[in-house]
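Since the structure comes first, as structure tokens, the remarks are kept for the end.
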Amino acid sequence: MNKQYDDEKRGVLFVNPKKNRNDPNDNQPNFKGNIQINGVKYSLSAWTRPYQKDGEDRKLISISATHPNDMEKFKKVETPLEDNNDIPW
């Protein structure tokens with residue numbers, strides 16, 4: 001299938017299923033997604049935040065973009081279990 005559109009400077013956000021909306025202390029982003037800029041696909045995270053303007057309650061969306069090279073430090077590192085033959089059980 002051939003792409004008939006350019007992904008450059010376009011992105012998408014999806015509702016984050018890992019977000020616990022019942023827990024006000026949950027720091028997970030409300031939305032997760034990606035955007036492509038200069039051929040590099042960035043990871044996006046977005047949070048809804050309350051604020052007040054002119055005494056009126058409002059909401060904003062705060063967005064963070066992470067370069068793919070920075071994602072390496074967030075990857076889960078699995079450490080192989082050592083062979084502990086001298087453990088008695």
Side-chain angles (χ1 to χ4, degrees):
M1 181 168 136
N2 292 340
K3 281 189 178 182
Q4 301 203 2
Y5 58 92
D6 184 9
D7 283 342
E8 188 63 24
K9 297 181 184 169
R10 295 180 187 262
V12 63
L13 289 170
F14 300 97
V15 173
N16 182 3
K18 295 180 180 178
K19 173 76 174 179
N20 181 352
R21 285 155 182 49
N22 297 321
D23 181 1
N25 296 319
D26 185 2
N27 292 328
Q28 288 279 333
N30 297 83
F31 304 94
K32 300 273 298 173
N34 57 60
I35 188 169
Q36 183 172 307
I37 301 173
N38 294 329
V40 178
K41 197 174 208 177
Y42 290 80
S43 175
L44 293 176
S45 299
W47 295 261
T48 56
R49 302 274 191 234
Y51 76 101
Q52 284 195 341
K53 182 175 181 180
D54 299 329
E56 185 179 320
D57 290 336
R58 298 183 180 200
K59 284 189 178 181
L60 63 82
I61 297 177
S62 172
I63 301 173
S64 172
T66 305
H67 191 278
N69 292 345
D70 295 337
M71 293 300 293
E72 292 297 318
K73 64 183 173 186
F74 296 114
K75 285 188 177 177
K76 186 176 181 180
V77 178
E78 296 206 16
T79 307
L81 294 175
E82 293 181 23
D83 185 15
N84 293 318
N85 289 331
D86 48 337
I87 297 178
W89 61 87

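A quick note: this is a predicted structure, and the numbers were derived from the prediction, not measured.
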(request) Would you mind reporting whether Lys32 and Val15 have side-chain heavy atoms less than 4.5 Å apart? (result) no
(request) Compare every heavy atom of Gly33 with every heavy atom of Leu13, then report the nearest pair and how far apart it is. (result) CD2-N, 4.0 Å
(request) Please determine, by modelled atom types, if Gln28 and Asn16 share a side-chain donor-acceptor pair under 3.5 angstrom. (result) yes
(message) I'd like to know if the side chain of Asn20 and the backbone of Asp26 have a donor-acceptor N/O pair within less than 3.5 Å.
(response) no
(message) Could you measure the distance from the NE2 atom of His67 to the CD1 atom of Ile37? Nearest 0.5 Å is fine.
(response) 10.0 Å
(message) Would you compute the distance between atom CG of Asn34 and atom NZ of Lys41 and round it to the nearest 0.5 angstrom?
(response) 4.5 Å
(message) To the closest 0.5 Å, what do you measure between OG1 (Thr48) and CZ (Arg21)?
(response) 8.0 Å
(request) Could you tell me whether a side-chain N or O of Glu8 sits under 3.5 Å from a main-chain N or O of Gly39, the two making a donor and an acceptor? (result) yes
(request) Decide yes or no for Asp57 and Pro50: does some side-chain heavy atom of the first lie under 4.5 Å from some side-chain heavy atom of the second? (result) no
(message) If hydrophobic clusters are built by linking Ile, Leu, Val, Met, Phe, Trp and Tyr wherever their side-chain heavy atoms come under 4.5 Å apart, do Val12 and Ile61 end up in the same one?
(response) no
(request) Check for a donor-acceptor pair, side chain of Trp47 on one end and backbone N or O of Ser64 on the other, with a separation under 3.5 Å. (result) no
(message) Would a single hydrophobic cluster contain both Phe31 and Tyr51, if residues Ile, Leu, Val, Met, Phe, Trp and Tyr are joined by side-chain heavy-atom contacts under 4.5 Å?
(response) no
(request) Hey, could you give me the CZ/CG distance between Phe14 and Leu44, rounded to the nearest 0.5 Å? (result) 11.0 Å
(message) For the NZ atom of Lys59 and the CZ atom of Arg49, what is their distance to the nearest 0.5 Å?
(response) 12.0 Å
(message) Distance check, rounded to the nearest 0.5 Å: Asn38 atom CG versus Lys9 atom NZ?
(response) 6.5 Å
